[in-house]
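What you see below is based on every heavy atom in this structure, not just the backbone, and it leaves out hydrogens, waters and symmetry mates. Remember, it's 1-based here, ligands and their atoms both numbered in the order they're listed. If you read the sequence from its start, that first residue is 1, and numbering goes on from there.
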Amino acid sequence: MKLICIGRNYAKHIEELDNERPEHPVVFLKTDSAILLKQHPFVIPEFSKDVHHEVEVLVKIKKLGKYIDKKFASTYYDEIGLGLDFTARDLQSDLKAKGLPWEKAKAFDGAAVIGNWLPKEQLGNVDAIAFTLEKNGQVVQDGNTSHMLWKIDELISYVSQYFTLKIGDVIFTGTPAGVGPVVANDKLKGFIGSTELFSIKVK
Ligand code: ZN
């Protein structure tokens, strides 16, 4: 399976990193080895002094598809989740400045947290999902999918032009504002509405 990630999908996050608003969705991939094992802590890698949390709504693909029309995109998923796109921001900034790919900063071991899944019917309108990240009990990121520049169905349609979507693939739909560093002993909890979908310790 593959993890397809969207960058710069929320205007306020684009501003906080001083990035340009993209003309098309920014797409990158994470490896399956990046997935943090359940019940394991996130270990800050030695090569970074500035790993950031990015909380993101996740979509789990349930059938094979390519060139998916936006109007059929909702038939390709039944489950919505929440996760973290851990990013070695210092390394990413370095790679970006040199025009190099981001994988080392985004796809290292443990950099993809995939929380529990919820049936989409339970959530109602997928374009109005409220979600939050708490760090040590304080809300640090507070997002709503209504603020996405490209909505879930548009993202599925867009990425499927490039990559055949397979059963079990996961789309990370981008992070809202409020990204920031994690340090040892931090505790990160992600919520959709009031439902906790993951709880991670940092080491
Ligand atoms: Zn991200």
Handout entry: Salt bridge flag under 4.0 Å for residues Lys189 and Glu134
Key = no
Exercise for the section: Identify whether the distance between the nearest side-chain nitrogen and carboxylate oxygen of Lys71 and Asp69 falls below 4.0 Å. Expected result: yes
Practice task
Around the Zn ion (ligand 1), list the protein N/O/S atoms within a radius below 2.8 Å, excluding water molecules.
Solution key: Glu54 OE1, Glu56 OE2, Asp85 OD2
Which donor-acceptor pairs under 3.5 Å do side chains of residues 82-91 form with protein atoms, sequence neighbours excluded?
residue, atom, partner, partner atom, Å
Asp85, OD1, Lys30, NZ, 2.6
Asp85, OD2, Lys106, NZ, 2.8
Thr87, OG1, Asp85, O, 3.1
Thr87, OG1, Lys106, NZ, 2.8
Arg89, NE, His52, ND1, 3.1
Arg89, NH1, Glu54, OE2, 3.1
Arg89, NH1, Gln92, OE1, 2.9
Arg89, NH2, His52, ND1, 3.4
Arg89, NH2, Glu54, OE2, 2.8
Asp90, OD1, Ser48, OG, 2.7
Asp90, OD2, Ser48, OG, 3.4
Asp90, OD2, Lys49, N, 2.7
Asp90, OD2, Asp50, N, 3.4

Exercise for the section: Could you tell me which residues satisfy ring-ring contact (aromatic ring centres under 6.0 Å, His included) with Phe28, sequence neighbours excluded, listed by chain and number? Expected result: Trp102
Practice task
State whether the side chain of Ser33 and the backbone N or O of Asp109 hold a donor-acceptor pair below 3.5 Å, judged by distance alone.
Solution key: no
Practice task
Could you list who else is in Phe172's hydrophobic cluster, with ILVMFWY side chains joined at under 4.5 Å, directly or through other members?
Solution key: Met1, Leu3, Ile35, Leu58, Ile114, Trp117, Val170
